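Sequence lines set the chain letters: A, B, ... in the order given, protein chains first and strands last, and positions in each chain run from 1. As the structure is a prediction and not an experimental result, all values here were calculated from the model.
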There are 2 protein chains.
Amino acid sequence: MSIPEPTIKRLCKILSTLEILEQEGNSFTSSSKLEQISGFPSHTIRKDFSFLNNPGRTGSGYEISALKGAISQSLGLVGENRACVVGLGRLGSSLLEYPGFNNGNFKIVAGFDRSVNKIEMMDSTVELFPAYKLEEIILQKKIDIGIIAVPADVAVAVAQKMIDAGVRGILNFAPVRVVAPEGVVVQNVYAVDYLRFIASMINQR
Amino acid sequence: MSIPEPTIKRLCKILSTLEILEQEGNSFTSSSKLEQISGFPSHTIRKDFSFLNNPGRTGSGYEISALKGAISQSLGLVGENRACVVGLGRLGSSLLEYPGFNNGNFKIVAGFDRSVNKIEMMDSTVELFPAYKLEEIILQKKIDIGIIAVPADVAVAVAQKMIDAGVRGILNFAPVRVVAPEGVVVQNVYAVDYLRFIASMINQR
DNA sequence: GTATAGTTGTGAAATATTTCACAGGTGGAG
DNA sequence: CTCCACCTGTGAAATATTTCACAACTATAC
Ligand SMILES: NC(=O)c1ccc[n+]([C@@H]2O[C@H](COP(=O)([O-])OP(=O)(O)OC[C@H]3O[C@@H](n4cnc5c(N)ncnc54)[C@H](O)[C@@H]3O)[C@@H](O)[C@H]2O)c1
Ligand SMILES: NC(=O)c1ccc[n+]([C@@H]2O[C@H](COP(=O)([O-])OP(=O)(O)OC[C@H]3O[C@@H](n4cnc5c(N)ncnc54)[C@H](O)[C@@H]3O)[C@@H](O)[C@H]2O)c1
């Protein structure tokens with residue numbers, strides 16, 4: 001039985017929440033605590049968990065580490081998904097050290113910028129390359145996911161190169177709608193969309 | 001009749017798409033063209049538009065500027081929503097000049113950072129203030145929406161100050177789940193959630 | 001004029017998702 | 001032990017959303 005998309009999105013958020021709870025020293029939680037933190041109703045959360053295999057124990061709650069495992073497994077978040085960041089300006093350099101990008105199932109294995117100078121000056125734990133090596137390195141390092149942090153006018157071209165080189169997913173921060181062929185998953189993070197959503201909730205509900 | 005939330009989110013994205021189309025010199029479009037760009041099925045788009053008042057003309061398509069107006073109006077995106085950015089590091093300084101934040105219904109009217117030095121050195125068209133003036137300026141400039149771009153460990157405190165000062169919406173980029181009382185709309189942009197969503201689509205569908 | 005290929009808008013049907021209700025379990029206090 | 005307050009898991013009901021189908025319209029070409 002396939003998991004509904006709204007459930008997948010909630011599970012992704014809950015996974016982050018669990019990591020935060022764990023960092024704070026908790027090892028158990030419950031659907032009602034998760035409701036308080038995440039805002040999703042507890043019955044929805046329990047229903048979501050019913051797509052997992054036996055994550056909790058009737059009567060007591062959920063053991064966080066087991067729950068994390070069950071969610072990761074059901075979402076197919078196994079193994080190590082390799083990603084790269086293209087465009088090492090303000091946003092891109094921040095993303096290189098974004099906590100959580102290098103935890104668990106993800107690893108940033110390369111950064112790219114057009115400016116060779118910038119690459120040489122930057123000091124990062126991630127290996128950096130000039131932009132013209134993008135396709136070569138994606139193939140060589142078997143990179144699955146490309147993260148776009150370049151100016152809008154070159155974003156589509158960068159996306160095309162990534163697709164040609166065989167990435168299977170793209171996370172695009174540039175204010176351009178990247179489209180991809182069947183088989184490549186794209187998420188466009190267009191910041192103004194969130195502002196609009198906030199404003200529409202403020203102004204009408 | 002209130003607009004379904006999935007429809008609202010799609011309309012927000014379509015609005016961005018329309019702006020891009022308009023910049024490219026188009027003045028008409030159709031649901032099938034929008035399908036190609038946005039990925040949403042054309043019948044869903046038309047159904048979404050049925051919540052607006054008469055945006056298009058049967059037979060021909062949609063006039064982009066009229067459509068933009070109809071969407072904005074229905075979403076309550078009227079007047080000028082004033083916003084501020086707190087934390088002017090890499091992400092924050094990029095957000096200050098993010099195109100689209102200062103277009104149409106939004107205006108960034110202030111930036112804040114803890115480092116007074118940074119504020120004095122930075123050169124921006126937006127007025128900048130030291131962080132301790134946050135509440136004062138939010139009140140004075142009647143700021144509706146706060147954007148958080150500070151490190152995770154201070155994000156909750158910053159959010160609380162914003163709430164106390166009376167913002168009605170918060171867009172949080174720090175990897176912390178900000179919770180707010182009824183009446184304050186929060187959107188948490190937790191980048192790793194998108195990576196997880198991409199990975200789960202790649203690995204299972 | 002007439003065909004043709006496109007278009008919108010929208011009820012109704014088909015699906016998907018959320019909510020409800022509750023059986024049944026747990027653990028701690030007295 | 002009993003009581004109490006909490007918990008999960010899940011079918012079934014209620015609701016929300018998407019999809020379909022098509023009448024009606026428009027613009028263009030010939
Ligand atoms: N979605 C969001 O939340 C969000 C937030 C901030 C910025 N942005 C967007 O992210 C992008 C980057 O913003 P920024 O402020 O970091 O810009 P920036 O100007 O600071 O950095 C852009 C970097 O890209 C590099 N670059 C340019 N062309 C390139 C190419 N063809 N290949 C590789 N590298 C190239 C430049 O050398 C530069 O280092 C912009 O499109 C911006 O609008 C999105
Ligand atoms: N969601 C995303 O897509 C995304 C992307 C990149 C970064 N981030 C997050 O955004 C945040 C900022 O990242 P960054 O790389 O720009 O960090 P940064 O270190 O470059 O900048 C942080 C800035 O916040 C300022 N600051 C610290 N405490 C403050 C306070 N109490 N009040 C006001 N200003 C304060 C600092 O002076 C600094 O200028 C981090 O939490 C990061 O994890 C999110």
Side-chain angles (χ1 to χ4, degrees), chain A residues 1-14 17-18 21 26-71 74-75 197 200-201 204-205, chain B residues 1-14 17-18 21 26-71 74-75 197 200-201 204-205:
Chain A
M1 178 178 28
S2 91
I3 304 181
E5 192 169 306
T7 293
I8 293 181
K9 292 198 170 160
R10 281 192 297 269
L11 289 176
C12 287
K13 296 215 179 226
I14 287 173
T17 305
L18 291 174
L21 280 174
N26 302 283
S27 56
F28 280 88
T29 190
S30 69
S31 59
S32 53
K33 284 197 199 120
L34 289 172
E35 168 171 0
Q36 289 187 324
I37 304 176
S38 70
F40 305 125
S42 64
H43 46 76
T44 303
I45 293 174
R46 286 203 304 283
K47 188 64 165 183
D48 288 346
F49 288 176
S50 75
F51 292 97
L52 281 44
N53 23 359
N54 277 1
R57 255 192 318 164
T58 309
S60 37
Y62 301 92
E63 200 203 329
I64 292 181
S65 67
L67 182 54
K68 277 174 53 184
I71 295 177
S74 293
L75 293 184
F197 181 74
S200 82
M201 296 301 266
Q204 73 167 191
R205 285 280 152 118
Chain B
M1 180 175 28
S2 89
I3 305 181
E5 193 169 307
T7 293
I8 293 181
K9 292 197 170 160
R10 281 191 297 269
L11 289 176
C12 288
K13 296 213 180 228
I14 287 172
T17 304
L18 291 174
L21 279 173
N26 301 284
S27 57
F28 281 88
T29 190
S30 68
S31 59
S32 53
K33 284 196 198 119
L34 289 172
E35 168 171 1
Q36 290 187 323
I37 304 177
S38 69
F40 305 126
S42 64
H43 45 76
T44 303
I45 294 174
R46 286 203 304 283
K47 187 66 166 182
D48 288 345
F49 289 176
S50 75
F51 293 97
L52 281 45
N53 24 359
N54 277 2
R57 255 192 318 164
T58 307
S60 37
Y62 302 93
E63 199 203 331
I64 292 181
S65 67
L67 182 53
K68 276 174 53 185
I71 295 177
S74 293
L75 294 184
F197 181 74
S200 83
M201 297 301 265
Q204 72 165 193
R205 285 281 151 120

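The interatomic distance linking F51(A) (CZ) with dG9(D) (P) rounds to 13 Å, in whole Å. Between the CD atom of E35(B) and the C1' atom of dG6(C) there is a distance of 15 Å, given to the nearest Å. Taking atom CG of residue D48(A) and atom P of nucleotide dT8(D), one finds them 13 Å apart after rounding to whole Å. Whole-Å rounding puts the L34(B) CG to dT8(C) C1' distance at 13 Å. Regarding N53(A), its CG atom lies at a distance of 17 Å from the P atom of dT8(D), rounded to whole Å. Counting to the nearest Å, the C1' atom of dT7(C) and the NZ atom of K47(B) are 17 Å from each other. For E63(A) and dT8(D), the CD to P distance is 14 Å, given to the nearest whole Å. For the pair H43(B) NE2 and dC20(D) P, the interatomic distance rounds to 5 Å; values are reported in whole Å.
Regarding contacts with the backbone of dG9(C), every side-chain N or O of T58(B) stays at 4.0 angstrom or more from both OP1 and OP2. OP1 or OP2 of dT26(D) has not a single side-chain nitrogen or oxygen of Y62(B) nearer than 4.0 Å. The side chain of T44(B) contributes an N or O atom lying less than 4.0 Å from OP1 or OP2 of dT19(D). An OP1 or OP2 oxygen of dT17(D) is reached within less than 4.0 angstrom by no side-chain nitrogen or oxygen of T7(B). Here R57(B) reaches the OP1 or OP2 of dA27(D): one of its side-chain N or O atoms lies under 4.0 Å away. Checking the phosphate oxygens (OP1, OP2) of dC6(D), no side-chain nitrogen or oxygen of S60(A) falls inside 4.0 Å.
For the atom pair S74(B) OG and I3(B) CD1, the distance stands at 5.0 Å (nearest 0.5 Å). Atoms CG and CZ, on L34(B) and F40(B) in that order, are 10.5 Å from each other to the nearest 0.5 Å.
Paired with D48(B) under the rule salt bridge (charged side-chain N to carboxylate O under 4.0 Å, His left out), one option of R10(B), K9(B), K13(B) passes, and it is R10(B).
Of all nucleotides listed (dT19(D), dT18(D), dC25(D)), dT18(D) comes nearest to the side chain of R10(B). Taking every side-chain heavy atom of P41(B) into account, dT19(D) is the closest of dT19(C), dT8(C), dT19(D). When distances run from any side-chain atom of S31(A) to the nucleotides dT8(C), dT8(D), dG27(C), the shortest one goes to dT8(D). If you check dC22(D), dT8(D), dT17(C) against the side chain of P6(A), the one that comes closest is dT17(C).
At least one side-chain heavy atom of S42(A) sits under 4.5 Å from a side-chain heavy atom of R46(A). At a threshold of 4.5 Å between non-hydrogen side-chain atoms, the residues T29(B) and I37(B) do not count as touching.
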